[in-house]
Amino acid sequence: MFTRLRSDIQCILDRDPAARSKWEVLTCYPGLHAIVLHRAAHWLWQRQLRWLARFLSQFARWMTGIEIHPGAVMGRGVFIDHGMGVVIGETAEVGDGCTIYQGVTLGGTTLYKGAKRHPTLGKNVVVSAGAKVLGGFTVGDDAKIGSNAVVIKPVPPGATAVGIPARIIQAEDTARREEAAAKMGFSAYGITANDDPLSQAMKGLIDNASGHEHQIALLWQAIEKLSAQRRGEDCVPLDAQTKENFEADKLTQLVGK
């Protein structure tokens with residue numbers, strides 16, 4: 001028990017730069033308190049002491065603001081940072097080394113008793129603040145869930161899920177960012193401003209439209225020059241757009257840099 005507690009304290013010291021000492025972590029981190037109390041509640045739950053297990057989990061919820069059903073399975077080295085408003089359902093499974101931020105829900109989408117209703121998180125998954133992971137599917141190892149994302153389908157290992165409903169960014173698209181994060185030691189919140197695939201697609205379309213307008217303007221300018229060389233004959237229509245008016249920078253700012 002004490003070996004596992006030391007491991008839990010060390011994982012917090014490794015991932016949270018605000019943690020200054022083991023004593024501070026032990027006494028002031030509700031995520032650690034919730035995990036320790038959940039282990040006791042889970043032990044009772046497995047031995048069919050269901051009411052006592054639920055009562056202990058309710059006490060932990062009152063003490064920490066973190067609700068973990070005693071039936072949920074929590075791996076080693078799980079860090080619930082801040083933790084207020086975190087809800088983890090009965091059939092949820094959280095793998096080793098996962099990081100869960102405040103306001104996260106690992107919830108279910110079915111009312112059938114005995115069914116796998118809640119998600120399974122693989123190893124080293126980061127679930128960012130406010131994210132909702134709903135359903136009995138699996139989030140693969142090393143995956144990232146962006147802040148306020150609503151995930152309703154499986155997430156492949158190493159991928160990032162962002163948006164409502166969540167869209168999947170494959171691992172190869174974020175390899176460079178993760179390499180930089182690894183050098184710093186930990187990818188806090190697992191998300192950057194450049195992750196939204198919809199914004200990336202919109203910016204690509206804007207760049208493409210801007211390029212087309214530039215080429216059209218060059219063509220009309222060339223025709224205008226040819227018309228000038230041929231005296232008395234003007235081949236350029238009056239409504240020809242020989243100057244560029246496409247505000248690519250302004251549109252890019254609207255979809256987000």
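This structure is a prediction, so every number in the text was calculated from the model and none was measured.
Considering every non-hydrogen atom in both Val155 and Ala161, the closest pair reads CG2-CB, 4.1 Å. In terms of heavy-atom proximity, Val127 sits nearest to Ala131 at CG1-CB, 3.8 Å.
Considering only heavy atoms from C-beta on, Thr105 stays 4.5 Å or farther from Val133 through its side chain. Using a 4.5 Å heavy-atom cutoff, the side chains of Glu24 and Ile9 are not in contact. Counting heavy atoms from C-beta outward, Val94 and Val73 have side chains that stay 4.5 Å or more apart. No side-chain heavy atom of Asp96 sits under 4.5 Å from any side-chain heavy atom of Asn124. Looking at heavy atoms from C-beta onward, Arg39 lies out of side-chain contact with Met74 at the 4.5 angstrom threshold. In this structure, the side chains of Ile100 and Asp81 stay at 4.5 Å or more apart for every pair of heavy atoms. In this structure the side chain of Lys22 never reaches within 4.5 angstrom of the side chain of Leu26, judged on heavy atoms.
Contacts classified as ring pair (Phe, Tyr, Trp, His ring centres under 6.0 Å) and involving residues 34-53 (residues at least two apart or in different chains) are given here: His38-His42, Trp45-His69, Trp51-Phe55.
One distance of note links CG of Leu121 with CG of Asp141; it measures 10.0 Å at 0.5 Å rounding. Rounding to the nearest 0.5 Å places CD1 of Ile66 at 13.0 Å from OG of Ser57. With values rounded to the nearest 0.5 angstrom, Gln102 atom CD is found 9.5 Å from Ser128 atom OG. To the nearest 0.5 Å, atom CG of residue Leu56 and atom CE of residue Met63 are 11.0 Å apart.
Thr120 contributes no side-chain N or O that, together with a main-chain N or O of Glu93, makes up a donor-acceptor pair within less than 3.5 Å. When atom types are taken as modelled, the side chain of Thr99 and the backbone of Phe79 share no donor-acceptor pair closer than 3.5 angstrom. Judged purely by atom type and a 3.5 angstrom limit, Lys123 has no side-chain atom pairing as donor or acceptor with the backbone of Val125. Checked by atom type and distance alone, the side chain of Thr138 never pairs as donor or acceptor with a backbone atom of Gly140 at under 3.5 Å. In this structure, Lys153 contributes its side chain and Gly135 its backbone to no donor-acceptor pair below 3.5 Å. In this structure a side-chain-to-backbone donor-acceptor pair under 3.5 Å is missing from Lys144 to Ala159. Gln58 contributes no side-chain N or O that, together with a main-chain N or O of Arg54, makes up a donor-acceptor pair within less than 3.5 Å.
Hydrophobic clustering (ILVMFWY, side-chain heavy atoms < 4.5 Å, transitive): Ile145 and Phe137 are in one cluster. Under the 4.5 Å side-chain heavy-atom criterion for ILVMFWY residues, no single connected hydrophobic cluster contains both Leu37 and Val87. Clustering ILVMFWY residues whenever any of their side-chain heavy atoms sit less than 4.5 angstrom apart, transitively, puts Val151 in the very cluster that holds Ile168.
With 3.5 Å as the limit, one finds a donor-acceptor pair spanning the side chains of Tyr29 and Asp16.
Note on Glu90 versus Lys116: no salt bridge recorded, every NZ/NE/NH1/NH2 to OD/OE distance being 4.0 Å or above.
Atom CG of Leu52 has more than 12 heavy atoms from other residues, nucleotides or ligands within 6.0 Å. In the displayed structure, Arg50 atom CZ is contacted under 6.0 Å by more than 12 heavy atoms of other residues, nucleotides or ligands.
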